[in-house]
Amino acid sequence: MTAEPTETAETATAETGTPSSTAEVTSEGTGAGPERVVFWVSMAVGAAIVVFALNGLRTGRGIDRPMISDGSIVVGTFAKFFVISAVLIDVVLIPLAAGIGYLAKRAVPARAWPVVRAGLFATGTLLLYAYALVFDKGGKSFLPSLRPRDYHSGLLWALVVTWLVAALAFGVMGLLDRRRRDTVPGD
Amino acid sequence: MTSTLLPPEVEPDPNGSDGGPVSGRYASSLHDTRLAALLGSVLGVTFTICFLTGLLSHLIQHPPGWFDWTTRPASTYRITQGVHVATGLATIPLVLAKLWVVAPRFWTWPPAPNLAKGVERIMLFPLVAGAVFLLLTGTLDTFQWYPWGFYFPSAHYWASFIFMGGLVAHIGSKYAVTWAALRRGERGGGELAGDADVADRRRFLGGVAFATLAITVATVGQALRPLRAISTLAPRDPAAGPQGFPVNKSAASARVIDKDGNTDERIDDFHLNIFGKVGEELSLSLADLQAMPQRIAKLPISCVEGWSASATWRGVPLRDLLDRAGVGDFDSVEIGSLQRSGTYRTSKVSFDQAADPDMLMALEVNGEPLDIEHGYPLRLIGPARPGVLQTKWVGELVVS
């Protein structure tokens with residue numbers, strides 16, 4: 001694919017009435033003059049900030065205990081965790097969530113799907129968050145005021161309330177829709 | 001047709017489309033530029049809030065020469081750090097939603113058809129990896145789970161700058177398309193091929209808001225005491241602990257008591273030593289301190305992990321102790337703990353901070369002598385101060 005001039009959003013809209021789905025409406029460096037300048041300046045400034053941060057990590061500046069104690073080992077651990085974060089989310093978690101959503105959508109009536117989707121999304125968020133609490137990862141056994149609750153029942157309550165609210169929302173929204181249909185003439 | 005809150009009663013498309021144009025194998029029309037723009041704008045706000053409040057927390061704990069933190073209002077740090085953690089947790093579902101919406105762009109081929117696209121792609125790495133790293137490490141810190149080999153405060157601090165570098169680049173590359181998408185109203189178009197209708201977008205965003213609300217309600221009670229009963233997943237309960245509020249650094253881990261619960265001899269024979277740039281070096285016993293005029297102040301303990309709890313403290317104002325030692329002009333007072341080691345074994349109080357009458361050397365809390373876990377026999381407690389700087393088991397004041 002060769003580099004091609006890109007259109008601004010206004011140009012695309014003006015020419016076709018609706019923006020073309022194939023037009024690259026972006027602020028990228030191949031766009032109009034000011035946008036091109038902004039693009040490259042922001043890339044340079046952004047990269048400079050990243051370099052500043054990497055140097056800060058290396059020297060431990062601004063913090064009492066430098067992260068780099070014996071050089072490569074700690075740097076490698078940080079880098080590994082950093083990379084794993086990106087890989088886990090884009091390659092594992094998002095596709096997994098999409099797959100679950102795809103399957104769930106086929107099992108649920110279309111009318112209920114938005115509410116079920118919201119419930120599933122909240123459920124997934126809570127499960128992801130509560131993993132360490134429920135499976136008792138980390139923590140300090142000699143510190144009773146850290147994690148003082150029963151998180152198994154806490155998670156259960158959170159999920160029950162989530163789905164109760166979702167069900168209530170479904171009922172209320174259906175009721176409001178029915179009233180709207182009944183009061184709007186010629187619909 | 002009247003706009004409805006729920007979808008109309010139609011059979012689902014067997015190809016899985018929500019209606020509108022589809023994008024290859026991505027059947028959902030919700031992979032939509034306007035949705036990406038809306039979520040991106042909100043994320044820009046939430047991450048900026050987290051960055052600024054986090055930077056403030058860092059500056060307070062590790063002040064450069066030009067920085068002197070105020071003591072008023074007394075709840076300032078409680079609010080800023082509470083906002084930092086609550087906003088960070090609320091951002092989790094927002095990031096997940098945004099990454100799902102733009103997922104088709106992640107898998108485009110070729111990934112870099114030109115130099116600009118290649119640079120943009122490279123700068124997406126610090127943005128995405130940084131966002132996930134910050135949310136992951138920040139959340140695990142609130143659990144005090146550290147499954148990694150680096151020092152969390154340093155890593156989290158510098159990773160925030162790595163992320164901000166990615167954010168600056170991302171704003172520079174997307175501002176025009178974002179502005180166009182937000183201005184276009186409800187019409188579709190832009191980089192993503194999805195073209196969800198108004199109602200579908202609003203239902204999707206409603207779901208995202210619902211997830212954000214769920215995680216917020218489940219956790220925010222660790223900072224907002226009235227909500228503690230419903231925050232069933234909060235790692236702290238602000239009312240749980242000796243004398244009615246939590247402990248972060250235990251007496252055993254500070255080694256001021258041994259494994260059998262016996263207190264260190266320096267506590268049994270306690271004296272507060274004041275020296276340095278003083279008119280007269282002092283060594284005050286507990287009885288000496290108790291005999292001095294006392295002041296009562298209601299102040300919060302505000303932890304960097306986001307939880308906070310208020311208590312009523314009684315003790316000797318720091319400035320009164322300094323007056324008694326004949327201290328004139330000074331830069332700062334180093335508050336030294338009897339704990340043997342630790343990053344926060346000492347803390348500093350500046351000249352202006354020490355002048356606040358509520359900067360106390362506390363002997364009692366909530367009507368009782370301090371529990372050993374809360375710093376018996378003496379601790380520092382001051383307004384607008386992070387919990388790690390509210391030094392416990394204080395044994396010396398060094399004036400410089």
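Just so we're on the same page: letters track the sequence lines, and every chain starts at 1. The structure presented is a predicted model; accordingly, all values stated were derived computationally and were not measured.
A heavy-atom distance below 4.5 Å is not found between the side chains of T232(B) and L155(A).
Note that CD of E120(B) and CZ of F39(A) are 5.5 Å apart. Values are rounded to the nearest 0.5 Å. For the atom pair CD of E35(A) and OG of S173(B), the computed distance is 11.0 Å after rounding to the nearest 0.5 Å. Atoms CG and OH, from L57(A) and Y157(B) in turn, are 10.5 Å apart once rounded to the nearest 0.5 Å.
Of the two parts of V83(A), the backbone and the side chain both hold a non-hydrogen atom closer than 4.5 Å to a non-hydrogen atom of chain B. The parts of K137(A) that come within reach of chain B are both its backbone and its side chain, each placing non-hydrogen atoms under 4.5 angstrom from that chain. Looking at T139(B), only its side chain comes within 4.5 Å of chain A, counting heavy atoms on both sides. Residue contact with chain B, scored on non-hydrogen atoms closer than 4.5 Å, involves the side chain of I89(A) exclusively. With a 4.5 Å cut-off on non-hydrogen atoms, L146(A) touches chain B through its backbone and its side chain both. Both the backbone and the side chain of F204(B) come within contact range of chain A, each with at least one heavy atom under 4.5 Å from a heavy atom of that chain. Contact of A209(B) with chain A is not made at all, since no heavy-atom distance falls under 4.5 Å. Using a 4.5 Å cut-off between heavy atoms, A130(A) contacts chain B through its side chain alone, with no backbone atom that close. When heavy atoms are compared at a cutoff of 4.5 Å, L128(A) approaches chain B solely by way of its side chain, counted from C-beta outward. With a 4.5 angstrom heavy-atom cutoff, R149(A) touches chain B only via side-chain atoms. Proximity to chain A (any heavy atom under 4.5 Å) is shown, for V217(B), by neither the backbone nor the side chain. Proximity to chain A (any heavy atom under 4.5 Å) is restricted, for T219(B), to the side chain, taken from C-beta onward. Contacts of L156(A) with chain B are absent, with no heavy-atom separation under 4.5 Å from either backbone or side chain. Only the side chain of A218(B) comes within contact range of chain A, with at least one heavy atom under 4.5 Å from a heavy atom of that chain. Residue F143(B) touches chain A through both its backbone and its side chain, counting heavy-atom pairs closer than 4.5 Å. Proximity to chain A is absent for every atom of L213(B), based on heavy atoms less than 4.5 angstrom apart.
Taking every heavy atom of both residues into account, L143(A) and S250(B) meet most closely at CD1-CB, 3.9 Å. For A214(B) against T162(A), the heavy-atom pair with the smallest separation is CB-OG1, 4.4 Å. When all heavy atoms are compared, the tightest approach of M123(B) to G46(A) is CE-C, 3.6 Å. Residues V38(A) and G172(B) approach most closely at CG1-O, 4.0 Å, considering heavy atoms. Of all heavy-atom pairs between A169(B) and M43(A), the closest is O-CE, 3.3 Å. Across all their heavy atoms, A53(A) and I162(B) have their closest contact at CB-CG1, 3.5 Å.
Heavy-atom contacts from other residues, nucleotides or ligands closer than 6.0 Å to CH2 of W157(A) number 12 or fewer.
Most heavy-atom pairs under 4.5 Å with chain B: of the set V45(A), I94(A), V51(A), this distinction falls to I94(A). Note: G165(B) leads G207(B), G165(B), A131(B) in heavy-atom pairs under 4.5 Å with chain A. Residue with the most contacts toward chain B among S85(A), A122(A), A86(A): S85(A) (heavy-atom pairs, distance under 4.5 Å). When each of L88(A), L176(A), V87(A), V50(A) is scored by its heavy-atom pairs under 4.5 Å with chain B, the top score falls to V50(A). Between chain B and the residues P114(A), S153(A), A166(A), the most heavy-atom pairs under 4.5 angstrom are made by P114(A). Here V119(B) is the residue among I92(B), T212(B), V128(B), V119(B) with the most heavy-atom pairs under 4.5 Å with chain A. Your options are W145(B), F245(B), F163(B), and the one with the most heavy-atom pairs under 4.5 Å with chain A is W145(B).
Between the Y129(A) side chain and the L233(B) main chain, a donor and an acceptor come within less than 3.5 Å of each other. Between the side chain of Y151(A) and the backbone N or O of A234(B) there is at least one donor-acceptor pair closer than 3.5 Å. No donor-acceptor pair closer than 3.5 Å links the side chain of R147(A) to the backbone N or O of P235(B). The backbone N or O of V247(B) sits less than 3.5 Å from a side-chain atom of S145(A), completing a donor-acceptor pair.
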Go through it in stages, so that I can follow the logic: the residues are F81(A) and L136(B), the test is side-chain contact (heavy atoms from CB on, under 4.5 Å), and I'd like the CA-CA distance, side-chain angles, deciding distance and then a yes or no. CA-CA 10 Å; F81(A) 224 82; L136(B) 178 65; 3.6 Å; yes
Determine, step by step, whether V161(A) and I230(B) satisfy the side-chain contact (heavy atoms from CB on, under 4.5 Å) criterion, reporting the C-alpha distance in whole Å, the side-chain angles of both residues, the deciding distance to 0.1 Å, and the verdict. CA-CA 10 Å; V161(A) 169; I230(B) 63 172; over 6 Å; no
So L30(B) and R117(A), side-chain contact (heavy atoms from CB on, under 4.5 Å) or not? Walk me through it. CA-CA 13 Å; L30(B) 291 169; R117(A) 179 179 59 203; 3.2 Å; yes
Verdict with supporting geometry, R203(B) and W113(A), side-chain contact (heavy atoms from CB on, under 4.5 Å): CA-CA 10 Å; R203(B) 290 176 199 128; W113(A) 172 238; over 6 Å; no
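Using a 30° and 60° split on the angle between ring planes, F133(B) and F82(A) fall in the tilted class, from 30° to 60°.
Taking the centre of each ring, F121(A) and F210(B) stay at or above the 6.0 Å mark. Between W148(B) and F78(A), the gap from one ring centroid to the other reaches at least 6.0 Å.
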